[in-house]
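Below: the structure, in structure tokens.
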There are 2 protein chains.
Amino acid sequence: MPFPLDTEPATVLRGAGLRVTGPRVAALAELREAGHVDVDSLARRLRARLGRVSTQAVYDVLRVLTDAGLVRRIEPAGAPARYELDGGDNHHHLVCRGCGTLVDVPCATGIRPCLETETTDHGFVVDEAEVIYWGLCPNCQASALTPNSAPTQQD
Amino acid sequence: MPFPLDTEPATVLRGAGLRVTGPRVAALAELREAGHVDVDSLARRLRARLGRVSTQAVYDVLRVLTDAGLVRRIEPAGAPARYELDGGDNHHHLVCRGCGTLVDVPCATGIRPCLETETTDHGFVVDEAEVIYWGLCPNCQASALTPNSAPTQQD
DNA sequence: ATGAAATCTTGAAACATTCCAGATTACGTG
DNA sequence: CACGTAATCTGGAATGTTTCAAGATTTCAT
């Protein structure tokens, strides 16, 4: 959010006080194109772009970017984590139970109220409200009776 | 929710069209006492009560009970899944980032709006809105500067 | 009481993620 | 612009949760 989406990745990294490395630059670039990626597919993208990239590096990069607030981790129940650029708009996610397809849902739209944060409960200090809507995408609704298409992690 | 909390476990199972077995009866009984349990601690409880119970049986039982709507699975990001009796009240959860403590948060209380379900978006048919609030419990707030207590899965 | 289907046991596998030790790299200093 | 140090990356192994597979046991309707 502190950076427009078209800011040079290296600039974004420096602005966040992070070192500029190949995997990090490439990760930011790929995340811009890819939407919501899991670790495995991001690793494939990085390797296609850079050659050899260790699995550990992928996890490290994502952790660093996440900790810096540049990237947001989404972890739908029962599925590997996905990552997306953090645009600071605090949107939520809609996940298909059938195929795992994940789409963004804007916060505070229509019947969908945005949630208060910075609230206190049970003595807790709440800093984030994570909302995940579960349902069936059009495709999986169609094949609900004839389950022929194997669940696939689409974007 | 079809059953009062004090209904005999065997009756609950039969009412849901499920077979009555030792592990299932014990699981329902333990879940009443335990609050939010992970698979491992439920397994320990079942073994203490019944003697030998396979890990697989624990997973099978929880899946069956979950599919039947008697039990609800909570899967906070980065932590093993927890299970609780499904009272049908559609409450949400508040998780401590420090120690993993999990507490219930009633739906539609004060600034906390209950979410619409049965809504359609992107062609999706939404059947559930899952909300997880993240924050710090009182203990972890206190030890935020002097992180001495190792994260523990409390209830 | 009997049999078919569901459930449980045991042991192994799959999977995402993390740990470890050492080599390499980025970048503030001199 | 060369250096040194801390941060980062590589490669390989390990961890821990969850699932798979095959066979024994149990539940429940007949």
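Keep in mind the model is a prediction, meaning the values are calculated, not measured. Values reported hereafter were calculated over all heavy atoms of this structure, with side chains retained and with hydrogens, waters and symmetry mates removed. First the proteins, then the strands, lettered A, B, ... as listed; each starts at 1.
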For [X] and [N], give me the distance from atom [atom1] to atom [atom2], rounded to whole Å.
| X | N | atom1 | atom2 | value |
| --- | --- | --- | --- | --- |
| B:Asp40 | D:dT17 | CG | C1' | 10 Å |
| B:Arg24 | C:dT9 | CZ | P | 12 Å |
| A:Tyr83 | C:dA16 | OH | P | 12 Å |
| A:Asp60 | D:dT10 | CG | P | 9 Å |
| A:Arg44 | C:dA16 | CZ | P | 10 Å |
| A:Arg47 | D:dT10 | CZ | C1' | 11 Å |
| B:Glu75 | C:dA16 | CD | P | 14 Å |

Worksheet entry | Step-by-step salt bridge (Lys or Arg N to Asp or Glu O under 4.0 Å) determination, A:Arg44 to A:Asp40 | CA-CA 6 Å; A:Arg44 273 198 299 275; A:Asp40 192 56; 2.6 Å; yes
Worksheet item: Does the pair B:Asp104 and B:His36 meet the rule for a side-chain contact (heavy atoms from CB on, under 4.5 Å), with working shown?
Response: CA-CA 9 Å; B:Asp104 289 341; B:His36 317 93; 2.7 Å; yes
Worksheet entry | B:Arg52 side-chain N/O to C:dT9 phosphate OP1/OP2 under 4.0 Å | no
Fill in: Minimum-distance pair of heavy atoms, taken over all atoms of B:Arg47 and B:Ser54
NH2-C, 3.7 Å
Fill in: B:Arg49, CZ atom: more than 12 neighbouring heavy atoms under 6.0 Å
yes
Discussion item. Could you check whether atom CZ of A:Arg97 has more than 12 heavy atoms from other residues, nucleotides or ligands sitting under 6.0 Å from it?
Written reply: yes
Practice prompt. Nearest-nucleotide wise, let me know which of A:Val58 and B:Ala81 is further upstream toward the 5' end of DNA chain D.
Written response: A:Val58
Practice prompt. Scan nucleotides 18-30 of chain C nucleotide by nucleotide, 5' to 3', and note B when protein non-hydrogen atoms come under 4.0 Å of the base, S if they reach only the sugar-phosphate, - if neither.
Written response: BB------BS---
Fill in: Main-chain N/O of A:Leu42 paired with A:Glu30 side-chain donor or acceptor, under 3.5 Å
no
Discussion item. Taking any heavy-atom pair under 4.0 Å as a contact, classify B:Val53: base, sugar-phosphate, or nothing.
Written reply: sugar-phosphate
